[in-house]
Amino acid sequence: MIPSPSIKIALFGNPNAGKTSLLNTLSNSSLHVGNWPGKTVLKKEAVINYQGKNIKIIDLPGIYSLNPYSEEEKISYNFIVKEDLDLIIQVIDVNIFFKSLFLFFEILTLNKKTIIILNFNKEAEKKGLKINIPEIEKILKVKIIKFEANRKRGINTLLEEIVKNTKNNYSQPKYLNTLLNSQNKISHKKSLDFIQNNLNKFYFYKNKKTISEKIDNFVFNKFTAWPIFFLSIYFLFETTFLITSPIIFSIRFFLLHINFLLDKMSLPPFLFSFLSQGVLGGLGSILNFIPLIFVLFFLLSLMEDSGYFARIIVLLDRPFSYLRVSGQSFIPMVLGFGCNVPAILATRTIKNKKERLIAIFVNPFISCSARLSVYVLFAQAFFPNHAVLVIMFLYVLGVFVALFATLILSLLLKDKNKKVFIMEIPPYRWPTFKIIFKRAFWETKLFIKKAGSFIFFSIIIVWFLAYFPQGVVYASSQSYLGLIGKTISPLFKPLGFSNWVFSVALLFGFIAKEAIIGVLGTVLKIDHNALFYVLPNIITPSAALSFLVFVSLYVPCFATLSVIKKELNSWFLVFFQVLIILLVAFIFSFLTYFFIHI
Amino acid sequence: MNLLDLKIGEEGIIKEINDVYFIQERLHSLGLIRGVKIKLIKKSPLDSPRIYSYLNTKLALRNNIAKKIKIKK
């Protein structure tokens, strides 16, 4: 069979020019498009069929220059230099046409067929832009096509032009030689002079005060900036965790109902325990996160694509700069108070690779809402008069450790890129809901695919260890889990809680932090409410506080570990992280037990 | 004078960037080049970063970088 003729093209351009959006429109795929610099972390591609031809379009991370500085820029650079391409399309936000030409001249030095697509033309027109495209085409010796990347209109004409241009003969424009410096690289100064001498009369603005500037008067104003900021964070946080809670509740109710049905079927005890505690437990854990991740990514994309996200990063950059990171580290930290799983996924909004690594690493220290149930029970049982104080102490401790770890890690992981925090401030734009919706859907799907099986099987393993050997009471001291608990319990002697019950509870904490309470009840063979009275007979208040500190800092749950693995793509780093976190938890618990005598 | 000396709404022309080669190159590629007109449009409430506009773009720059960009009126 003769393969159908195929064409390979690459989309290239500054961050935020609309490349991913264009690919989305062309391919109808569900890729995400963002309204702040640096969205495409890896290259994305789509194959479309046009008049019997397969056109493969590759979307590369946005770059400012062919001198690669960041990880994304290296991907783009290596690709464009090495790959055999039929056509390079530089996507340009027409609002910043001149600035984008610096990259254009650099692309020309590669001596590959190149055309320009101008995006955001409608927006520019409203702002009073006058541009004479035919004249500019003549001067730059390049085909320029106007196209609104988020609209379908004109898509066939565009594809036709693309195909036509792959066939044209190409020769490097002569003016390029005049732009080179002594090292045969494009000189920025010469480029600027060339642009200003030749193009100024064909591209100019009647500068009016834009709506974006009017909004920014409030967003950056000394008095209104913080209320707006707190409201939007409150909105992001509350909506994510409050709106999803009835859904999560329904899921739990539904699973409880199935459990109830299973109970009535008089299955053999082994099968019943497997289905109820293993399978349903595992499924429930995954299902719980689905509404959370969907809603979070919906709202995050809304904030990103509207342009407000970039402003938040600017507002908070200064305090974070003292920790040698940038304002980008803030959002994941806040989300960590709700749940570390979506928080770690949200680190994808951090552009710098090392800063992102740090943000992932420190996030589990932030007390998620699942830990609260443990805090509340213990605080009320042991410190009835100071329960709120104890809970606050644990939250503050988590934040303190997370911030301190950020500073230490950023001092250890030196990166010259981090020194230059430079962020383009995009204009405010209306988000396209279809694209936002698709991204939320896509992220959720990815979570199920990449993290689902890990969460599920690790919960099955814990079930297995708690159920076997055959005949013992679930999670009792004779079960494998109980034996492991007994073996490791002496380790906790310096921390004050060497009773094996607590070791088993901590092992169960891997499933989810709230499982700690449930398993304490099961192991001590009492009702959850009775724990309140029984626990103070087992350990001292200082040991209880030390246990709480350990719970607040030690290894994140399976779900969090699974997304850490998904994001870092390395078991070694996950293992390393767990080791460090355990050490930190141990040290802080020890200090608590040693110094606080109640 | 440098970028930090600009008052809100004031404009200057970039003269030179006094920093290590790496940062110079980075700023050049963003279009911060000798001869470009640059204007301070906003200070963030905590003063740094400040937001500048040039070549129709808006850019947030930390004050420690802005200090290195020499301008003339």
Side-chain angles (χ1 to χ4, degrees), chain A residues 14 63-67 69-70 73 93-103 106 124 127 129 187-189 191-193 195-196 205 207 212-213 216-217 219-226 229 310-311 313-319 321 326-327 416-417 419-427, chain B residues 2-4 6-72:
Chain A
N14 286 172
I63 62 173
Y64 292 108
S65 151
L66 283 190
N67 290 321
Y69 296 103
S70 67
E73 290 184 346
D93 175 352
V94 72
N95 295 290
I96 47 169
F97 182 62
F98 281 177
K99 197 186 136 206
S100 315
L101 287 178
F102 297 116
L103 179 64
E106 292 186 340
K127 279 197 223 163
L129 173 73
S187 147
H188 287 111
K189 180 68 187 132
S191 305
L192 181 73
D193 292 342
I195 292 166
Q196 286 183 334
Y205 260 102
N207 246 342
S212 270
E213 276 162 42
D216 274 343
N217 282 340
V219 166
F220 288 121
N221 178 294
K222 254 191 284 191
F223 301 104
T224 48
W226 300 112
F229 163 75
R311 270 89 179 165
I313 293 168
V314 169
L315 281 177
L316 287 173
D317 186 62
R318 187 157 205 173
S321 70
S326 79
K416 52 182 180 173
N417 271 302
K419 279 190 203 143
V420 215
F421 171 76
I422 294 161
M423 178 118 195
E424 259 192 288
I425 307 298
Chain B
N2 61 50
L3 272 186
L4 284 189
L6 285 177
K7 294 190 183 81
I8 290 176
E10 251 182 355
E11 206 171 48
I13 295 167
I14 296 177
K15 240 167 52 184
E16 62 178 324
I17 297 170
N18 285 339
D19 209 320
V20 291
Y21 179 73
F22 161 76
I23 291 175
Q24 258 183 32
E25 277 295 293
R26 186 92 182 118
L27 295 173
H28 280 167
S29 71
L30 287 158
L32 292 165
I33 303 156
R34 184 156 50 89
V36 167
K37 271 191 204 162
I38 185 162
K39 185 164 129 186
L40 175 67
I41 34 176
K42 288 249 156 13
K43 290 181 183 176
S44 67
L46 300 175
D47 194 41
S48 169
R50 295 181 186 177
I51 298 170
Y52 302 88
S53 82
Y54 65 97
L55 298 174
N56 269 314
T57 319
K58 293 193 177 77
L59 197 73
L61 278 177
R62 278 186 185 166
N63 287 355
N64 60 348
I65 299 280
K67 200 169 62 190
K68 310 273 179 66
I69 301 176
K70 305 286 173 220
I71 53 164
K72 59 178 186 225

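Below, all heavy atoms of this structure are taken into account, side chains as well, without hydrogens, waters or symmetry copies. Every chain is numbered from 1 and lettered A, B, ... according to where its sequence line falls, protein lines coming before strand lines. Since the structure is predicted, the reported quantities are computational estimates derived from the model, not experimental observations.
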- Structural part of B/Leu46 lying under 4.5 Å from a heavy atom of chain A: both

- Below 4.5 Å from any heavy atom of chain A, which atoms of B/Tyr54 appear? Answer side chain, backbone, both or neither. side chain

- Under-4.0 Å salt bridge between A/Asp216 and B/Lys42: no

- Message: Among A/Phe223, A/Phe98, A/Trp226, which residue has the highest count of heavy-atom pairs closer than 4.5 Å to chain B?
- Response: A/Trp226

Under a 4.5 Å heavy-atom cut-off, does chain B meet the side chain of [X], its backbone, both or neither?
{"X": "A/Leu315", "value": "both"}
{"X": "A/Ser100", "value": "neither"}
{"X": "A/Asn221", "value": "backbone"}
{"X": "A/Ser212", "value": "neither"}

- Message: Tell me whether A/Asp317 contacts the main-chain N or O of A/Gly327 through its side chain, where contact means a donor paired with an acceptor under 3.5 Å.
- Response: yes

- Query: Ignoring hydrogens and geometry, is there a side-chain-to-backbone donor-acceptor pair from B/Ser48 to B/Arg62 under 3.5 Å?
  - Reply: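 No: the side chain of B/Ser48 does not pair with the backbone of B/Arg62.
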
Check: [Y] and [X] side chains under 4.5 Å, non-hydrogen atoms:
{"X": "A/Glu106", "Y": "A/His188", "result": "yes"}
{"X": "A/Gln196", "Y": "A/Leu192", "result": "yes"}
{"X": "A/Ile422", "Y": "B/Leu59", "result": "yes"}

- Contact winner vs chain A - B/Leu61, B/Leu55, B/Leu30, heavy-atom pairs under 4.5 Å: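 The option with the most such pairs is B/Leu30.
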
Show which side-chain atoms of residues 12-20 of chain B pair as donor or acceptor with protein atoms under 3.5 Å away, not counting sequence neighbours.
residue, atom, partner, partner atom, Å
B/Asp19, OD2, B/Lys68, NZ, 3.1

- Query: Is it true that the side chains of B/Asn63 and B/Asp47 contain a donor and an acceptor less than 3.5 Å apart?
  - Reply: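 A pair is found: one side chain offers a donor N or O, the other an acceptor, under 3.5 Å apart.
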
- Task: State, without any angle test, whether A/Tyr64 and A/Glu424 hold a side-chain donor-acceptor pair at a distance under 3.5 Å.
- Result: yes

- Contacts of residues 33-40 of chain B with chain A (heavy atom under 4.5 Å):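 Against chain A, the residues of residues 33-40 of chain B that fall inside the cut-off (heavy atoms, under 4.5 Å) are B/Ile33, B/Arg34, B/Gly35, B/Val36.
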
- Task: Might you confirm whether atom NZ of B/Lys67 has over 12 heavy atoms from other residues, nucleotides or ligands at distances under 6.0 Å?
- Result: no

